[in-house]
Chemist: 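Pasting in a structure now, in structure tokens, and then I'll have a few things to ask.
Quick caveat: nothing in here was measured; it's all calculated off a predicted structure. Throughout, a chain's letter reflects where its sequence line sits, starting with A, and its residues are numbered from 1.
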Amino acid sequence: AQKITQTQPGMFVQEKEAVTLDCTYDTSDQSYGLFWYKQPSSGEMIFLIYQGSYDEQNATEGRYSLNFQKARKSANLVISASQLGDSAMYFCASRGGYQKVTFGTGTKLQVIP
Amino acid sequence: KAGVTQTPRYLIKTRGQQVTLSCSPISGHRSVSWYQQTPGQGLQFLFEYFSETQRNKGNFPGRFSGRQFSNSRSEMNVSTLELGDSALYLCASSWPPGEVDNEQFFGPGTRLTVL
């Protein structure tokens, strides 16, 4: 079984500043994947970034980077140079082999002009 | 390539009725998963289908069922609707199935309101 914990229900960040969204996970799988999704108010889930459990380097995708600390079981999302369009719900998720994706409760990010 | 499509986008039903939601995955994707999203419970996994077979199932009552057709399109059905079934139902497709790193592509969702 897998469990994802996102302890920040809501976050504010000033436009152009960086922000870190926290995510910790618990899994008994040896191989697993960690994902971050963005959900705007329209409802659609948008894939942002992926980190594999065996990847030694932190994943980066444009302004998104994933701070992966395997020993601490954390997979924090860092958004650099925040934009107004980044205001949304952000979900951390995990997937083990042949298993369903498990989502955290999400963090609502609001970017302030 | 067209994305995941879900129909209808919005639905209003009354208690006791049944409803069928449809999901067409990305062309070539053969794995389809369904999720229920509510403010109280968050995103919860319903079931996953691959090659017309249900591979995984979440903790939902038997009123929730699904199926997948040979063209990978999937439907989910909820019978005897309850007020608590009001939610955003999301469908996601992926390929290949079972790999930890295969991203799921989500559709826009169907927002179901039960009155």
Chemist: For chain A, which residues from residues 75-91 of chain B have at least one heavy atom closer than 4.5 Å to it?
Modeler: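 Listed by number, the contacting residues are B:Leu88, B:Leu90.
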Chemist: Before you tell me yes or no, could you show the steps for B:Ser72 and B:Arg30 under side chain to side chain donor-acceptor pair (under 3.5 Å), namely the whole-Å CA-CA distance, both residues' side-chain angles and the distance that decides it to 0.1 Å?
Modeler: CA-CA 5 Å; B:Ser72 295; B:Arg30 293 170 59 191; 5.2 Å; no
Chemist: Looking only at the side chains, is there a donor atom on one of B:Gln17 and B:Thr14 sitting less than 3.5 Å from an acceptor on the other?
Modeler: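 B:Thr14 and B:Gln17 do have a side-chain donor-acceptor pair below 3.5 Å.
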Chemist: Examine distances only and state if a side-chain atom of A:Ser53 and a backbone atom of A:Tyr32 form a donor-acceptor pair shorter than 3.5 Å.
Modeler: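 A pair under 3.5 Å: yes.
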Chemist: How are the rings of A:Tyr50 and A:Phe35 set relative to one another: parallel (under 30°), tilted (30 to 60°) or perpendicular (over 60°)?
Modeler: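 Ring orientation of A:Tyr50 relative to A:Phe35: tilted.
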Chemist: Pick from B:Gly109, B:Gly107, B:Ser33: which one has the most heavy-atom pairs with chain A under 4.5 Å?
Modeler: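 Looking at each option in turn, the highest pair count goes to B:Gly107.
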Chemist: Are there residues of residues 4-11 of chain B whose heavy atoms fall under 4.5 Å of chain A's heavy atoms? If so, which?
Modeler: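 The list, in residue order, reads B:Arg9.
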Chemist: Which atoms of B:Phe105 come close to chain A, meaning under 4.5 Å heavy atom to heavy atom: side chain ones, backbone ones, both, or neither?
Modeler: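 Nothing of B:Phe105, per the 4.5 Å heavy-atom cut-off to chain A.
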Chemist: Hey, does the side chain of A:Tyr25 reach the backbone of A:Ser94 with a donor-acceptor pair shorter than 3.5 angstrom?
Modeler: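 No, A:Tyr25 side chain to A:Ser94 backbone: no donor-acceptor pair under 3.5 Å.
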Chemist: Taking A:Val78 as the starting point, is it possible to reach A:Tyr90 by hopping between hydrophobic residues whose side chains are less than 4.5 Å apart?
Modeler: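 They do not share one cluster, since no chain of ILVMFWY contacts under 4.5 Å joins A:Tyr90 to A:Val78.
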Chemist: Compile the donor-acceptor pairs under 3.5 Å between side chains in residues 58-66 of chain A and protein atoms, sequence neighbours left out, one pair per line.
Modeler:
unit_1	atom_1	unit_2	atom_2	d
A:Asn58	OD1	A:Phe68	N	3.1
A:Arg63	NH1	A:Ser80	O	3.0
A:Arg63	NH1	A:Ala81	O	3.2
A:Arg63	NH1	A:Asp86	OD2	2.9
A:Arg63	NH2	A:Asp86	OD1	2.8
A:Arg63	NH2	A:Asp86	OD2	3.3

Chemist: Whether the side chain of A:Gln14 engages the backbone of A:Pro113 through a donor-acceptor N/O pair (distance < 3.5 Å, no angle test) should be reported.
Modeler: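 Yes; at least one donor-acceptor contact below 3.5 Å.
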Chemist: Look at the rings of A:Phe47 and A:Tyr37 and say which category their plane angle falls in: under 30° parallel, 30 to 60° tilted, over 60° perpendicular.
Modeler: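 Perpendicular: the ring planes of A:Phe47 and A:Tyr37 meet at over 60°.
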Chemist: Would you mind listing every disulfide bond (SG atoms under 2.5 Å apart) that reaches into residues 28-76 of chain B, with sequence neighbours excluded?
Modeler: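 Of all non-adjacent pairs touching residues 28-76 of chain B, none passes disulfide bond (SG atoms under 2.5 Å apart).
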